[in-house]
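Have a look at the structure below before the remarks.
Owing to the predicted nature of the structure, the values given are computational and were not obtained by experimental measurement. As a basis for the values below, the full set of heavy atoms in this structure was taken, side chains included, without hydrogen atoms, waters or symmetry mates.
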Amino acid sequence: MALNRSASWYGGTDRNAYIHRAWMRRGLPPHAFDGRPHIAIANTASDLTPCNTHLNEVAEHVKRGVWEAGGIPLNLPVVSPGETQVRPTAMLWRNLAAMATEEMLRANPIDGVVLLGGCDKTIPALLMAAASVDLPAVVVPGGPMLTGHFRGTALGCGTDVWALSEEVRAGTLSEAEFLRSESSMIRSKGHCNTMGTASTMGLLAEVLGMTLPGLAGTPAPDSRLLEGAHETGRLVVELVAAERRPSTVLTRGSFLNAIVALAALGGSTNAVVHLLAIAGRLGVELTQDDFDRTGSGVPLLVNLQPAGRFLMDDLYRAGGLHAVLEQVRDLLDPEAITVTGRPLVDTLGDTSIHDAEVIRPRRQPLREEAGIAVLYGNLAPDGAVIKPAAASPHLLRHRGPAVVFDSVEDLRARLDDPDLDVTADSVLILRGCGPKGYPGMPEVSNLPLPPKLLAQGVRDMVRICDGRMSGTAYGTVVLHVAPEAAAGGPLAKVRTGDIIVLDVPGRRLDIDLSDTELAAREPAPAAVKAFARPSRGWQRLYVDTVQQANTGADLDFLVGSSGDHEARESH
């Protein structure tokens with residue numbers, strides 16, 4: 001077997017090898033450099049990423065497993081975009097986190113890596129990086145928080161924020177009561193406890209084959225997460241010995257399995273842009289249309305918010321991810337392997353459903369067909385997506401007049417105006433929120449409803465946007481419209497009063513104008529004025545090179561893998 005990669009730094013007696021070893025000899029014995037695998041722990045722990053603050057504890061247990069298996073564990077803090085804190089949006093920093101992590105993995109004397117993430121963008125960014133550098137890698141998802149309760153009712157973080165805030169705006173909940181729910185909602189360490197993006201991507205990391213089987217979905221405060229972290233430390237040393245790299249695990253079949261699971265779980269629409277970006281780093285053939293072809297006929301089996309009523313620790317006690325996958329085993333690629341080297345389907349074991357209200361049997365699904373629907377039409381030439389499981393069935397076919405907002409600021413300035421010309425049949429359109437236009441594609445597509453309609457009892461409307469929405473959100477929301485308004489998309493040409501036609505069963509999204517009339521229109525000046533125009537730094541690089549949502553919103557020069565080779569010496 002070939003020498004470990006780190007041996008090219010530490011082996012030998014010359015000056016450079018001396019420097020590499022000597023500066024690491026702060027308690028490490030000489031045999032730490034005798035060819036044992038050096039394992040980076042890419043750690044997104046940060047006090048400003050609240051969902052990941054416990055990952056330093058998880059890292060300590062990974063280290064124990066690495067030591068036990070004969071490796072040398074090394075903590076590597078990496079860029080940590082916290083979903084709830086950073087402005088203008090965490091999605092702006094996903095590609096930066098992926099690029100910086102990739103470069104640090106390639107630049108350092110390591111042989112394998114354990115990826116610690118939890119918050120929405122951290123697991124996607126870490127997987128993008130690992131795919132690009134292609135060193136043996138395995139994920140430890142940080143896990144969801146425990147269920148909070150307020151006035152005797154379970155609270156789903158994210159989902160109930162949207163629901164309660166709408167009740168305040170409708171005048172049916174006092175602001176004081178709303179604020180009292182704040183500390184009840186977030187009662188433990190861990191990421192969102194709904195089937196939002198963090199939960200979705202943690203679970204899909206396992207379906208992709210990139211975690212210790214059975215680990216994804218373990219609640220953050222559960223001691224079994226730390227046990228799994230220890231076992232993962234042992235496993236990564238085995239991966240290095242077997243030279244089992246992400247490129248051998250992450251195949252087209254793995255991604256199609258993830259799409260099946262996404263539908264059965266009722267997972268976040270954000271998985272579309274993340275899975276496309278990860279596949280793009282590997283050169284795996286995967287398109288937006290695969291989500292519709294593979295996932296749209298899959299039944300929704302998991303009764304979790306926002307598509308259902310339970311939360312992540314309920315899913316765990318009801319049988320977890322494996323119980324869900326067992327129900328759709330026949331839809332999974334039997335050859336797609338995991339980091340253990342065994343096929344995913346062989347890791348499921350003898351699983352059963354322990355609570356059929358939380359995980360429905362295949363014969364009694366929550367919905368017969370779930371997944372992501374991909375829409376095309378003259379309003380979305382390159383596509384848009386909608387999550388039917390989170391939408392109102394009566395709105396999946398709809399025709400109504402547009403009420404257009406040119407920016408988030410325009411929306412906030414006018415939405416609450418009692419004189420706003422809007423009815424329940426109107427279609428709310430928000431533009432300028434795509435990758436280039438904002439920049440970074442924020443989670444604003446689930447527009448709040450006008451108070452005048454909330455007071456009438458309206459709780460859902462058709463909403464269309466070139467941005468994203470939180471995986472914890474719900475409603476009849478068409479998002480990821482491509483091309484976005486700032487990239488020349490027709491969304492920039494829509495005027496208030498135009499008739500919009502949504503036909504989800506027919507997979508169409510159109511503006512009721514002839515091609516000639518639409519082509520003759522100019523983009524709305526107010527929308528163009530609001531598009532982002534950064535002059536320097538990461539935002540400038542991002543806007544100049546980011547691709548559209550239908551291909552994953554990665555930077556054009558980061559698509560494809562570069563491998564782990566770094567030949568030039570530093571001294």
Side-chain angles (χ1 to χ4, degrees), residues 40-62 75-105 113-130 139-146 148 156-158 161 182-183 185-205 211 215-222 225-226 229 232 268 270-271 273-274 277-278 312 440-443 468 470-472 538-539 542:
I41 302 172
N43 187 356
T44 56
S46 167
D47 287 344
L48 287 168
T49 305
C51 300
N52 291 14
T53 53
H54 64 297
L55 292 182
N56 284 329
E57 180 187 16
V58 175
E60 288 303 313
H61 287 263
V62 173
N75 189 50
L76 177 65
V78 293
V79 176
S80 182
E83 191 65 30
T84 57
Q85 306 295 45
V86 297
R87 294 181 179 177
T89 169
M91 186 62 175
L92 177 64
W93 313 109
R94 182 200 68 175
N95 297 339
L96 175 63
M99 183 169 71
T101 302
E102 172 189 346
E103 298 298 345
M104 288 299 95
L105 296 179
V113 58
V114 177
L115 309 167
L116 303 188
C119 194
D120 293 21
K121 306 302 177 296
T122 53
I123 285 181
L126 292 170
L127 283 171
M128 290 163 69
V139 175
V140 177
M145 67 180 73
L146 299 178
C157 61
V161 174
E182 190 173 295
S183 60
M185 183 170 286
I186 312 299
R187 64 174 281 240
S188 80
K189 55 191 171 184
H191 60 65
C192 291
N193 56 9
T194 50
M195 189 55 73
T197 305
S199 296
T200 298
M201 293 311 300
L203 294 169
L204 294 189
T211 77
L215 184 58
T218 304
D222 195 305
L225 177 64
L226 302 181
T232 300
S268 168
N270 286 310
V273 290
H274 295 323
I278 296 163
M312 281 295 291
M441 209 179 174
E443 293 183 334
R468 299 175 303 113
S470 168
T472 67
W538 172 254
Q539 292 196 27
Y542 181 92

If I take atom [atom1] from residue [X] and atom [atom2] from residue [Y], how far apart are they, to the nearest 0.5 angstrom?
X      : Y      : atom1 : atom2 : answer
Leu76  : Ile41  : CG    : CD1   : 9.5 Å
Leu146 : Arg187 : CG    : CZ    : 5.0 Å
Arg468 : Asn270 : CZ    : CG    : 4.5 Å
Leu116 : Asn56  : CG    : CG    : 9.0 Å
Asn95  : Glu102 : CG    : CD    : 11.0 Å
Tyr542 : Leu96  : OH    : CG    : 11.0 Å

Heavy-atom closest contact ([X] atom, [Y] atom, distance):
X      : Y      : answer
Cys51  : Cys192 : SG-N, 4.5 Å
Asn193 : Gly148 : ND2-N, 4.2 Å
Ala220 : Gly190 : CB-CA, 3.4 Å
Thr197 : Ser268 : OG1-OG, 2.9 Å
Asn43  : Ala59  : ND2-CB, 3.8 Å
Gly440 : Met91  : O-CB, 2.9 Å

Answer yes or no: is there a side-chain heavy-atom contact under 4.5 Å between [X] and [Y]?
X      : Y      : value
Met145 : Lys189 : no
Arg94  : His274 : yes
Thr211 : Thr232 : no
Asn52  : Ser46  : no
Pro88  : Gln539 : yes
Thr200 : Met195 : yes
Val139 : Leu127 : yes
Thr122 : Met201 : no

Return yes if some donor-acceptor pair links the side-chain N/O of [X] with the main-chain N/O of [Y] below 3.5 Å, else return no.
X      : Y      : answer
Asp120 : Glu83  : no
Thr53  : Pro50  : yes
Trp538 : Leu92  : yes
Ser199 : Thr194 : yes
Thr218 : Leu215 : yes

Inset, instruction - Output all residues satisfying side chain to side chain donor-acceptor pair (under 3.5 Å) with Glu103, sequence neighbours left out; order by chain, then residue number. - result: Arg106

Legend entry - The single option from Val79, Thr49, Val78, Leu115 passing side chain to side chain contact (heavy atoms under 4.5 Å, CB included) against Thr44: Val78

Inset, instruction - Check the pair Leu48, Ser80 against side-chain contact (heavy atoms from CB on, under 4.5 Å), reporting the backbone distance first and the verdict last. - result: CA-CA 8 Å; Leu48 287 168; Ser80 182; over 6 Å; no

Inset, instruction - Run the numbers on Met441 and Thr89 for side-chain contact (heavy atoms from CB on, under 4.5 Å), then give the verdict. - result: CA-CA 7 Å; Met441 209 179 174; Thr89 169; over 6 Å; no

